[in-house]
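Here's the structure, in structure tokens; my notes come after.
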Amino acid sequence: MAGKIIGGILVVAACFCMGYRISIREKLRLDELLYLKGAILKIMSETEHNRATFCEALKASVNVEENDIFSSIYNAVKNNNAVKTAWKYAFEENADNCYMSREDIDRLSLTGEGFNSGDINLQKKYVQSSVDYINSQEELIKSKLEKDKKVYRSVSVTIGLFIVLLLI
């Protein structure tokens, strides 16, 4: 009898942990988007105010070794690839290793086209478009985050209890 009770508790705990993991995915996506927003704004600031090349701005703005996407961009640009190509390829290459959605990757990979241009106004336009997109996603995620967290956890515990009742 004690084995069934311990097993039941373990099943409910496992289901709760799975629900928690699902609910935390959106939070991680939000953190990743906010990091990218900050990085893009810093790169733009470096290129605009300090008149740095893209590689110099990327190196000064972002810890390249810490982030796979920016590491790929930096290495590709350093090897004489166009910024536009490097940016798009880096986002596509690292799509599986991040929490961003497919739409996030598609929209943010377009930012490289702006950095590829020598025109500062065009760069600002692309950067502003990316920042606006991230801001809209931030609002959506924050509004859904708490509600979804409670739903995922409640449903997972309910499923765990249902499994326990079936086993007993």
Side-chain angles (χ1 to χ4, degrees), residues 14 17-153 155-156:
C17 289
M18 287 187 331
Y20 180 77
R21 179 157 162 65
I22 292 170
S23 69
I24 206 76
R25 184 165 174 78
E26 284 296 309
K27 172 74 170 112
L28 293 172
R29 177 179 168 229
L30 177 63
D31 291 344
E32 207 166 58
L33 287 173
L34 292 177
Y35 176 79
L36 283 170
K37 177 176 135 181
I40 290 169
L41 290 172
K42 287 177 187 174
I43 293 168
M44 184 65 205
S45 175
E46 281 290 321
T47 57
E48 184 179 7
H49 297 296
N50 294 341
R51 306 271 188 234
T53 65
F54 181 79
C55 251
E56 293 169 349
L58 186 61
K59 187 85 169 157
S61 305
V62 182
N63 186 358
V64 177
E65 291 81 24
E66 188 178 288
N67 189 294
D68 291 338
I69 293 174
F70 289 117
S71 175
S72 295
I73 294 170
Y74 182 75
N75 291 332
V77 171
K78 205 170 178 185
N79 293 330
N80 296 325
N81 289 326
V83 175
K84 172 183 165 181
T85 309
W87 194 280
K88 188 164 187 71
Y89 180 73
F91 272 87
E92 295 295 326
E93 180 183 78
N94 294 297
D96 295 336
N97 302 333
C98 63
Y99 295 101
M100 290 185 288
S101 68
R102 188 73 218 160
E103 181 186 2
D104 297 340
I105 291 169
D106 292 340
R107 291 287 302 269
L108 295 174
S109 65
L110 296 175
T111 309
E113 292 181 25
F115 285 123
N116 198 47
S117 168
D119 183 19
I120 198 74
N121 291 327
L122 188 60
Q123 288 178 4
K124 285 180 183 180
K125 178 183 165 191
Y126 276 96
V127 167
Q128 190 59 44
S129 172
S130 294
V131 168
D132 290 344
Y133 173 75
I134 291 172
N135 288 339
S136 69
Q137 292 303 307
E138 179 182 7
E139 290 174 17
L140 283 171
I141 291 171
K142 282 184 178 180
S143 67
K144 292 182 355 181
L145 196 60
E146 282 303 314
K147 181 183 77 169
D148 287 352
K149 192 185 304 184
K150 291 176 185 175
V151 168
Y152 286 133
R153 291 177 186 171
V155 168
S156 63

Nearest 0.5 Å, please: how far is OG in S130 from CD1 in I134? 6.0 Å
From L34 CG over to I141 CD1, what is the distance, rounded to the nearest 0.5 angstrom? 8.0 Å
Approximate separation, where rounding is to 0.5 Å, of R102 CZ and I105 CD1: 5.5 Å
Decide side chain to side chain contact (heavy atoms under 4.5 Å, CB included) for F70 and I43; before the verdict, give the C-alpha distance in whole Å, the side-chain angles of both, and the deciding distance to 0.1 Å. CA-CA 11 Å; F70 289 117; I43 293 168; 4.0 Å; yes
State which residues pass side-chain hydrogen bond (donor to acceptor under 3.5 Å, both in side chains) with Y126; sequence neighbours excluded, sorted by chain then number. E113
Using side-chain heavy atoms (C-beta onward) and a distance below 4.5 Å, is S72 in contact with N94? yes
Considering residues at least two apart in sequence or located in another chain, which fulfil the side-chain hydrogen bond (donor to acceptor under 3.5 Å, both in side chains) criterion with N135? K37
Taking only residues two or more places apart in sequence or in another chain, which ones pass salt bridge (charged side-chain N to carboxylate O under 4.0 Å, His left out) with E48? K124
Measuring from I69:CD1 to E92:CD, what's the distance to the nearest 0.5 Å? 10.5 Å
Check the pair S136, L140 against side chain to side chain contact (heavy atoms under 4.5 Å, CB included), reporting the backbone distance first and the verdict last. CA-CA 6 Å; S136 69; L140 283 171; 5.6 Å; no
If the condition is side-chain hydrogen bond (donor to acceptor under 3.5 Å, both in side chains), which residues does K142 pass it with, not counting sequence neighbours? E138
Atom OH in Y74, atom CG in N79: separation rounded to 0.5 Å? 10.0 Å
Listed partners of D31 passing salt bridge (charged side-chain N to carboxylate O under 4.0 Å, His left out), at least two apart: K27
Identify which one of T111, L36, L110 satisfies the side-chain contact (heavy atoms from CB on, under 4.5 Å) criterion when paired with F91. L36
Near Y133 OH, under 6.0 Å, is it more than 12 heavy atoms from other residues, nucleotides or ligands? yes
Residues, nucleotides or ligands: over 12 heavy atoms within 6.0 Å of Y99 OH: no
E32/R29 ion pair, N-O < 4.0 Å: no
Any side-chain donor near an acceptor of the partner, S101 and D104, under 3.5 Å: yes
My understanding is that only residues two or more places apart in sequence, or in another chain, count here; which of them pass side-chain hydrogen bond (donor to acceptor under 3.5 Å, both in side chains) with E46? N50
Separation of L108 CG from K88 NZ (nearest 0.5 Å): 11.0 Å
Paired with M44, the side-chain contact (heavy atoms from CB on, under 4.5 Å) test is passed by just one of Q123, H49, Q128, namely Q123
